[in-house]
Amino acid sequence: MTDRIRDFLRARRDMGQDEGPVMVLDLEVVRDNYTAFARALPDTRVFYAVKANPAPEVLRLLAEMGSCFDTASVVEVEMALAAGATADRVSFGNTIKKERCITRALKLGVRLFAVDCEAEVEKIARAAEAAGVEAGDVQVFCRILCDGAGAEWPLSRKFGCVPEMAVDVLEHAYRQGLTAYGVSFHVGSQQGNTGAWDGALASAAMIFAECAQRGISLQMVNLGGGFPTKYLKAVPGVESYGDAIFRALTKHFGNRMPETIIEPGRGMVGNAGMIEAEVVLVSRKSDAEDEVRWVYLDIGKFGGLAETMDESIRYAIRTEHDEDRMAPCVLAGPTCDSADVLYEKVPYPLPVSLSIGDKVLIEGAGAYTTTYAAVAFNGFPPLQQYVI
Ligand SMILES: *Cc1c(COP(=O)(O)O)cnc(C)c1O
């Protein structure tokens, strides 16, 4: 926790305004993270993945620092523009777009689009015509599948096509008059293995070579996100990722280095935010001595902790009793949905002295929390956020 977050939470409590869970995000940490990415990958453009935390203050800071933005919808495009980014610093990175949204984005000035099949290429070609934009001014990159091994939040098979198909998709774009610009992939979010980019870069180099044989000269490799933030386990620093990626690029592209892009989300904002929540109930299901305690918080899966799904992301949780004896607990949220259990398969150690009304601090909560909170499921308001 940063001093600024500690002071903020203390002041809030002193004023008696500490009702409900809250996420506090320290912009100074985001600033440091951006600087670290820019240093670790000096020849790479940073496109912040807006979905990780679209708070206007975060977007404004990053726009000021020179970041570009990876967006997934017209609303996210508009948020990036409102924060001060020009349209040439915005990519529409979702491979699944309505044609009218592509037209809208083109009219807003966006020229960089992700695809993973020919049907999406055709939508873009038609949208360019509808928007009165020269097809050749529209840059298209094709996303390839990545198995996500080593990632705690893998992105599965929903996005991307096999590398062999990417060559055809890019050729299709070229034949439609669009600019076949490059290749993208995502190695899976919270990727703990710095070597995870190597295999995908080998595929990217193969696609570049195949396209060159067909007379199409690709220029860009989008290295995606995946850079981790610290939860319970330590993770390698961003410099290690920069080194490993640079080595893999050199290995597969030699001295014909492509332009590169990264799209960090979690790694940019995760460690900047902390949630303060409250213990609503501590109970047991029977009087048996070895029965685990159930600890219910005022935040759960529907209040911002959606990434505890399948117990994938294991947050670091701190209490005011952490020097006391610990015992495993089942940790659950406050709603009347039995899916709203955070950790049960692997119970979470919490102090035996933890009791009703105690505050708990959930660290590393700056990414994928506030916007994953339901609007009012069961009457619980969405997670409040303060950006300081
Ligand atoms: C979500 C997303 C990202 C960000 O991923 P992180 O693992 O949070 O860095 C980057 N690129 C695309 C296309 C995404 O969908």
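FYI, side chains are in, hydrogens and waters are out, and symmetry mates aren't considered; it's all heavy atoms of this structure. All ligand and atom numbering here is 1-based and tracks the order in the structure.
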Give me the pairs of N or O atoms, one from ligand 1 and one from the protein, that sit under 3.5 Å apart.
from: ligand 1; atom 1: 5 (O); to: His186; atom 2: NE2; distance (Å): 2.8
from: ligand 1; atom 1: 7 (O); to: His186; atom 2: NE2; distance (Å): 3.4
from: ligand 1; atom 1: 7 (O); to: Ser189; atom 2: OG; distance (Å): 2.4
from: ligand 1; atom 1: 7 (O); to: Gly226; atom 2: N; distance (Å): 3.0
from: ligand 1; atom 1: 8 (O); to: Arg266; atom 2: N; distance (Å): 2.8
from: ligand 1; atom 1: 8 (O); to: Tyr368; atom 2: OH; distance (Å): 2.6
from: ligand 1; atom 1: 9 (O); to: Gly226; atom 2: N; distance (Å): 3.0
from: ligand 1; atom 1: 9 (O); to: Gly265; atom 2: N; distance (Å): 2.9
from: ligand 1; atom 1: 11 (N); to: Glu263; atom 2: OE1; distance (Å): 2.6
from: ligand 1; atom 1: 15 (O); to: Lys51; atom 2: NZ; distance (Å): 2.7

Point to revise | Pairs involving residues 339-357, ordered by first then second residue, that meet salt bridge (charged side-chain N to carboxylate O under 4.0 Å, His left out) (sequence neighbours left out) | key: none

Practice item. Output every pair passing side-chain hydrogen bond (donor to acceptor under 3.5 Å, both in side chains) with a member in residues 253-267, not counting sequence neighbours, ordered by first then second residue. Key: Thr44-Thr260, Tyr181-Glu259, Ser189-Arg266, Asn222-Glu263, Tyr231-Arg266, Arg266-Glu307

Review point. How far apart are the C-alpha atoms of Ile207 and Leu170, what are their side-chain angles, what is the distance that settles it, and do they pass the side-chain contact (heavy atoms from CB on, under 4.5 Å) test?
Key: CA-CA 9 Å; Ile207 296 166; Leu170 288 163; 3.8 Å; yes

Point to revise | Qualifying salt bridge (charged side-chain N to carboxylate O under 4.0 Å, His left out) pairs with a residue from residues 183-209, counting only residues at least two apart or across chains | key: Asp198-Lys251

Practice item. Indicate yes or no: at least one non-hydrogen side-chain atom of Arg293 is less than 4.5 angstrom from one of Cys329. Key: yes

Review point. In terms of heavy-atom contacts, does CZ of Arg4 have more than 12 from other residues, nucleotides or ligands at under 6.0 Å?
Key: yes

